[in-house]
Protein chains: 2
Amino acid sequence: MAEAKNNNLSASLEDYLEAIYNLSGEFNTARSKDIAKLLGVSKSSVTGALRVLKERGLAHYKPYDSITLTKTGRKAAAEIARKHNILKSFFINVLGIETDIAHQAACKAEHTLGAEVISRLLCFIEFVTKHNAKGYDWANKFKKFYKNCKK
Amino acid sequence: MAEAKNNNLSASLEDYLEAIYNLSGEFNTARSKDIAKLLGVSKSSVTGALRVLKERGLAHYKPYDSITLTKTGRKAAAEIARKHNILKSFFINVLGIETDIAHQAACKAEHTLGAEVISRLLCFIEFVTKHNAKGYDWANKFKKFYKNCKK
DNA sequence: TATTATAGTTAGGCTTGCCTAACTTTGTAA
DNA sequence: TTACAAAGTTAGGCAAGCCTAACTATAATA
C-alpha cells in the first residue's frame, strides 16, 4: 500500500523533502540534479534519498522518471517549510544573521531541538514579532545591544 | 606531542567532553560507567569516544586508567557547558520547557545552529534577561501569550 | 591469597549518509 | 537516425556512532 509511515524523518530526509517541495513549486516536478545542487550533495545521494522517501510513502519515484511528492509528502514538506521559514526570518530579522547561515541553521534546527522546543520557540518568535509591530522595536533594540555583547 | 587539534568536535564528542567535565567536577576524575549512564550509551561507545578525545589532545586516557581532561579539554568543555547552560535556562525559564527536554535540546543546539547563530542567540537571551530584570517581565508575558498560541 | 563481581575493553556488526567512478537512459542536434 | 552530452543510476567504499557478546583487568571480600 505504500502508505506513509510518518515516523520521524531524519534531518537529512527532511532536507530532501523540503528541497523537492520548494523546487516543485515552480514546475510541479523536481529534478534530481537540482536537488543535488540545492543541497550540495552528489547525484547518487539524491537517488538514495528518493528511494527512502518512496518507501515511506512521501514521494513518487521511479528510476528515470519525474519526481513528485505524494499528498502526505506535500503536507509534511509544507509543515517543515513553514517552521523553517519562521525560524529563518527570526534569525535574519531579529538576530541579524546573514541569509545563508540563517537558512542552514533553520534547516537543521527542528530536528535537533525537538518538537516541544520548536513549538514554543515559534510562539516566542511570534510574540516578539507582535511586540515589534506594536512599536516596541525589538529588532532594533537588540541590534544596539548586540554591539556591546561579547558571547 | 598529542597537541590539541581543536578542529570542531562532533556533537557526539562534545557530549562526551561535557559529560566528563561535569562528572569530574565532583571527584576530579570521571568513570566510564558514569559517562555511559549519563549519556545513555553503552560502555563500549564510551571507550571509543575516549580514544578519539585522547587523539585530539582533549583527554588523558589509558585503558583501565582514570579519565581526566587535558587543559585544552577542560577549556573546551567549560565553554561548551557555559553556552549549554545559558540556552538551557532560556528554554526553561523563558520558554517554559521541561528540564530534561531543555537539557537535550541545549546539548545539541550549538552544533546544529552553528557558532554565529549561537553567539547571537546567547546575546539575545542576555538581552531578554536584562529586560526581565528591569521589570519588563518577558517570561511572564510570554507565558500568557503561549496559552493562545498554536504552532 | 583465591574467588568473584564489577568495570572496562575488544571484536565484529549494523545503520545512516555521504562519496567517486563507471554505467545506463534520455533527449538533443547534426 | 545516429551520436553525443546531460541526467540519472548502480556498485562499491568510507566514516561516524552506536550496539551486543565475549573477553580481561581490577578491586573487594571471604
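Please read all numbers here as calculations on a predicted model, not as lab measurements. Reminder, nothing fancy here: chain letters follow the sequence lines and each chain counts from 1.
Scanning atom types as modelled, no donor and acceptor separated by under 3.5 angstrom connect the side chain of A:T47 and the base of D:dT10. Interface remark: the A:Y64 side chain does form a donor-acceptor pair with the C:dT24 base, using a distance-only criterion of under 3.5 Å.
Backbone-only engagement by A:V41 is indicated by non-hydrogen atom pairs under 4.0 Å involving sugar-phosphate atoms exclusively. B:S42 comes within contact range of at least one nucleobase, with a heavy-atom separation under 4.0 Å.
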- Message: Is there a ring-ring contact (aromatic ring centres under 6.0 Å, His included) between B:F124 and A:F90? Walk through the geometry before answering.
- Response: CA-CA 11 Å; B:F124 184 76; A:F90 173 70; 5.5 Å; yes
- Message: Go through it in stages, so that I can follow the logic: the residues are A:T47 and A:S44, the test is side-chain hydrogen bond (donor to acceptor under 3.5 Å, both in side chains), and I'd like the CA-CA distance, side-chain angles, deciding distance and then a yes or no.
- Response: CA-CA 5 Å; A:T47 304; A:S44 65; over 6 Å; no
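Atom pair A:D65:CG and C:dG27:C1' shows a separation of 15 Å (rounding to whole Å applied). Separating the CZ atom of A:R31 from the P atom of D:dT9 is a distance of 12 Å, rounded to the nearest angstrom. Counting to the nearest Å, the P atom of C:dG8 and the NZ atom of B:K37 are 13 Å from each other. Across the protein-nucleic acid pair, A:L50 atom CG and C:dG17 atom C1' stand 14 Å apart, rounded to whole Å. What separates NZ of B:K43 from P of D:dC23 is a distance of 14 Å, to the nearest Å. A:L13 has its CG atom 13 Å from the C1' atom of C:dC18, to the nearest Å. Rounded to a whole Å, the CG atom of A:L39 is 10 Å from the P atom of C:dC19. Here C:dT16 presents its P atom at 15 Å from CD of A:E14, a figure rounded to the nearest Å.
For B:S12, a side-chain nitrogen or oxygen approaches OP1 or OP2 of D:dC18 to under 4.0 Å. Phosphate proximity of D:dT9 to A:S32: present, with a side-chain N or O under 4.0 Å from OP1 or OP2. Between B:Y16 and D:dC18 there is a side-chain N or O to OP1 or OP2 distance below 4.0 Å. For the OP1/OP2 pair of C:dT10 and a distance below 4.0 Å, the side-chain nitrogens and oxygens of B:R51 include at least one atom meeting the criterion.
The nearest pair of heavy atoms linking A:T70 to A:G57 is OG1-O, 2.8 Å.
Here the side chain of B:K33 is nearest to one of C:dA7, D:dC19, C:dT10, namely C:dA7. Listed nucleotides C:dT20, C:dC18, C:dG17 differ in distance to A:S10; the shortest reach to its side chain belongs to C:dG17. The nucleotide whose nearest atom lies closest to any side-chain atom of A:S45 is, among D:dC18, C:dG8, C:dC18, C:dC18.
Cation-pi geometry between A:R120 and B:Y146 is met: under 6.0 angstrom from the ring centre, within 45 degrees of the axis.
Place A:A11 and A:P63 on DNA chain C by their nearest nucleotides, and A:A11 ends up nearer the 5' end.
Using a distance-only test at 3.5 Å, with no hydrogens or angles considered, no donor-acceptor pair links the side chain of A:K88 to the main chain of A:A106.
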